[in-house]
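Inspection log for the structure reproduced underneath, given as structure tokens.
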Protein chains: 4
Amino acid sequence: MPETVAPGPIGLPDPARRSDRAYRAILDAAKGLLEEHGFAAISVDQIAKRAGVGKQTIYRWWPNKAAVVLEAHGEQAAAHVPVPDTGSIRGDLRRIAEDFANTLANTAAGRVCIELIGEAQHDAEFAEAYREIFVTARRAVVLAVLRRGRDRGEVRHDIDLEYATDMLFGPIWYRGLTQHAPLTRTFARAAADMLTDAIALID
Amino acid sequence: MPETVAPGPIGLPDPARRSDRAYRAILDAAKGLLEEHGFAAISVDQIAKRAGVGKQTIYRWWPNKAAVVLEAHGEQAAAHVPVPDTGSIRGDLRRIAEDFANTLANTAAGRVCIELIGEAQHDAEFAEAYREIFVTARRAVVLAVLRRGRDRGEVRHDIDLEYATDMLFGPIWYRGLTQHAPLTRTFARAAADMLTDAIALID
Amino acid sequence: MPETVAPGPIGLPDPARRSDRAYRAILDAAKGLLEEHGFAAISVDQIAKRAGVGKQTIYRWWPNKAAVVLEAHGEQAAAHVPVPDTGSIRGDLRRIAEDFANTLANTAAGRVCIELIGEAQHDAEFAEAYREIFVTARRAVVLAVLRRGRDRGEVRHDIDLEYATDMLFGPIWYRGLTQHAPLTRTFARAAADMLTDAIALID
Amino acid sequence: MPETVAPGPIGLPDPARRSDRAYRAILDAAKGLLEEHGFAAISVDQIAKRAGVGKQTIYRWWPNKAAVVLEAHGEQAAAHVPVPDTGSIRGDLRRIAEDFANTLANTAAGRVCIELIGEAQHDAEFAEAYREIFVTARRAVVLAVLRRGRDRGEVRHDIDLEYATDMLFGPIWYRGLTQHAPLTRTFARAAADMLTDAIALID
DNA sequence: CTATAAGCGAGACGGTACGTCCCGTCTTAGA
DNA sequence: TCTAAGACGGGACGTACCGTCTCGCTTATAG
């Protein structure tokens, strides 16, 4: 996040001079408050107070609360989504779907992902950063799996892999965000299987 | 929305005493402001002012801005999602998917649906009402189509129709909310087709 | 209070049709609330609720909260200030001063008199009614005493009796309202004595 | 008024950090609005708007509208009540009485003094500040005059000077607040003379 | 090895919106 | 027909945050 400003127009602060202590304190405070009260219930003042930091120090490096929180949780969320290799796309997709569904439904990172979706709807810059963390990274894994599957001859050549990726994640996001029904492992697996069936070269 | 009040706990106002004039004025004002400025940019004071109504009259019947706006747009959004009957589930599902994708991407109701998703993440009561309007109604249509298809022998009997419904809408919500790629008619049709292929008795 | 409107312009309610039950309930409720919470802390809604009366029934007969409260307490306050007759103006004035000081400092009526003074500063009609109850009646008593004293030859003939009355009550009101020092019996007596000395024919 | 904050309990803001600009703007706005519309007709929002100041900045330093207005006018009201020295207590007391009566009846400060008296009846802290400005300062002058008179041998030694001071101001406050009769120069002089006569060593 | 510029803590600032309270008027259901 | 109940338009209240600003203090480079 700060790097996105670093090479920007003249006038922005020099990241080299940033106080590591304050930086860590802010992210930790944000993470702690977020887990205790949720995104909507916390304020920049609270983060500053808890971090023992001046408010200006927050606004010097982030544009708003959402950006701080995003970075606070994003750093671990996007950390490293492993590329599974079970030997078949069916297994790989199941593993990915199950893992993402579990993350969304049961982890702090999932709660943050869901709580922040609203911010992304009226802030293009934030939306970009949000996607970077919660969307793009995981899609890349699926795309890699699908490409490997195609190379192996498991996937039809007329399939649009981008579309296919949407078909895998879509239902999981949908349940996670609207909560019209629980986001179970069984459901995640069903989504993976349906996709696998639909794109398989030979059923 | 008024119904959520009517049978509620004692102490809430009696909906029979509500002023029709004020009620309409508030919803109309909310709808107008929403279309002009978007959810995040409007306030309860503005709605009250535009409606020529005291703020208390709004808070008497709705708990907050989100609830007003939801009801204002909900009444037309949920109005009547037509059940298509093209003769085949493929055609029906395509029609539904295309229609919903178009609504989400290009209409005021779609913008509202997206703008309000954030509210649903920290307000269970609101989330329930939100689902009623933006989720449940459309799901019912798909379920009807799928059941009819099964009766006609177009759909495998081992398919969980709820899951199937999620597979249709999921990808569309996913693109609509994360905006990682445009929500095109082609994409909607692809989602419908993939589902159809996956659940068809005979391909 | 209602009598002041009774013979007024056409359109005002006919006092003959007033419900005695409601009338008493309102005054009693006002008196009770006043004694429990003080003038500033109560509202017309509270009076109506406690009286088991519609708010309109209050506004039909009184212009505002202050008028209700004034009448509620005024009826007993102005009731009948006895004209003392101790045989000398010194004794009479002492009796009057002590009684008024005691009323102001220690009785519910006194608290009301003091609490309502603020209302009289921005409502001429109210001020008139207020004076009628808390000022005029008591002044009449002093004037009677002074006139009798003059007739008896106890008071100099060049004394303006109106002024003299102000000199008696003034210091008591002053201490009652500004509270810069306690309003004691001794103080009241001192005021009476100083006045007596100043106006006596032969000291 | 800021002094009431400075030595107060921990937790109150540090007056050293107060913005002089905002401070002056608020007091000036309050004074202006007060003179144009009177205390009852103005609101904290109006003061803030006119001062070009956030409402919170007012509430940070004053507890309510009355306190702001009091300080706004108090600073000039209490400014410096001159100690007259006409050579005799009769002359001094006349001068003081006439001046105060004139202030109360004809100046903006007098209007404020009268308009604010109601606030003092349900707010002990405010009452204290009110007295400081409108009561104590003027009493000190009278006490000084009386003490000087006693030293000069003009005043009897058995006179309680505090009581005497009440006898001077009492009648003026009484007429000023109840308005049962006009507050004239003649009346003020009569009050001064009656007091002088009553306390003079040799009449 | 200073001096000087930046970041830092603290928190006041102008401002917007909130949700509550009360006013005095208007509407309605039921005795 | 009158009244209790209470909704209504209006407006002020006092609070919570926002994102900017202004202080001294401290820290680290650049002369």
Side-chain angles (χ1 to χ4, degrees), chain A residues 13-23 25 41-49 51-65, chain B residues 13-23 25 40-49 51-65, chain C residues 13 17-19 21-22 25 41-46 48-49 51-60 62-65, chain D residues 13-23 25-26 40-49 51-65:
Chain A
D14 171 6
R17 311 203 59 160
R18 183 200 288 224
S19 153
D20 280 354
R21 192 193 56 69
Y23 179 66
I42 70 180
S43 68
V44 174
D45 293 70
Q46 280 168 22
I47 297 173
K49 183 83 77 179
V53 137
K55 236 189 325 173
Q56 191 59 243
T57 303
I58 295 182
Y59 282 107
R60 189 158 19 239
W61 304 108
W62 294 274
N64 50 46
K65 176 176 71 156
Chain B
D14 172 5
R17 310 199 55 159
R18 191 198 285 233
S19 153
D20 281 352
R21 191 190 56 69
Y23 179 65
I42 69 180
S43 69
V44 174
D45 292 71
Q46 281 169 31
I47 297 174
K49 181 87 75 182
V53 139
K55 226 188 332 174
Q56 190 70 76
T57 300
I58 295 181
Y59 283 110
R60 186 156 24 237
W61 304 107
W62 294 275
N64 49 49
K65 177 177 69 158
Chain C
R17 314 202 58 160
R18 180 202 291 217
S19 153
R21 191 192 58 69
I42 69 181
S43 69
V44 174
D45 294 70
Q46 281 167 17
K49 182 85 75 179
V53 138
K55 240 195 313 179
Q56 191 57 243
T57 304
I58 295 182
Y59 281 107
R60 191 161 14 241
W62 295 274
N64 50 47
K65 176 177 70 156
Chain D
D14 173 4
R17 309 198 57 156
R18 192 200 283 234
S19 153
D20 281 352
R21 190 188 58 65
Y23 179 64
I26 290 165
I42 69 182
S43 69
V44 174
D45 292 72
Q46 280 168 32
I47 297 174
K49 180 87 73 180
V53 138
K55 227 189 328 176
Q56 190 72 85
T57 301
I58 295 182
Y59 283 109
R60 189 162 14 241
W61 304 108
W62 293 274
N64 49 49
K65 178 178 68 157

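Any value given below was found using the heavy atoms of this structure, including those in side chains, with hydrogens, waters and symmetry copies removed. Letters A, B, ... are given to chains in the order of the sequence lines, protein chains preceding strands, and every chain is numbered from 1.
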Here's a test of your reading of the structure: between A:Arg60 and D:Asp20, which maps to the more 5' nucleotide of DNA chain E? A:Arg60

What's the shortest heavy-atom distance between B:Tyr59 and B:Val44, and which atoms? OH-CG2, 3.5 Å

Of the listed nucleotides (E:dC13, F:dT22, E:dC8), which one gets closest to any side-chain atom of D:Arg17? F:dT22

Could you walk me through whether D:Trp62 and D:Ile26 pass the side-chain contact (heavy atoms from CB on, under 4.5 Å) check? CA-CA 11 Å; D:Trp62 293 274; D:Ile26 290 165; 3.7 Å; yes

Note: D:Gly54 and D:Ala48 closest approach over all heavy atoms is C-CB, 4.3 Å

Does a side-chain N or O of D:Trp61 approach OP1 or OP2 of E:dG11 to a distance below 4.0 Å, or not? no

Expressed in angstrom and rounded to an integer, what is the separation of A:Arg18 atom CZ from F:dA28 atom C1'? 17 Å

Please give, in whole Å, the distance from E:dG14 P to D:Ile58 CD1? 9 Å

Does D:Thr57 make a side-chain N or O approach to OP1 or OP2 of E:dA12 shorter than 4.0 Å? no

At under 4.0 Å, does any side-chain N or O of A:Arg21 touch on OP1 or OP2 of F:dT26? no

For D:Gln46 and D:Ile42 the tightest heavy-atom approach is OE1-CA, 3.6 Å

Looking at every non-hydrogen atom in both residues, tell me the closest pair between B:Pro15 and B:Trp61 and how far apart they are. CA-CZ3, 3.8 Å

Please determine if a side-chain N or O atom of B:Ser19 lies less than 4.0 Å away from the OP1 or OP2 oxygen of F:dA7. no

What one-letter contact string describes nucleotides 16-24 of chain E from 5' to 3', where B marks a base within less than 4.0 Å of any protein heavy atom, S marks contact via sugar-phosphate atoms alone, and - marks no contact? -SBBBBSSB

With A:Lys65 via salt bridge (Lys or Arg N to Asp or Glu O under 4.0 Å) - residues at least two apart: none

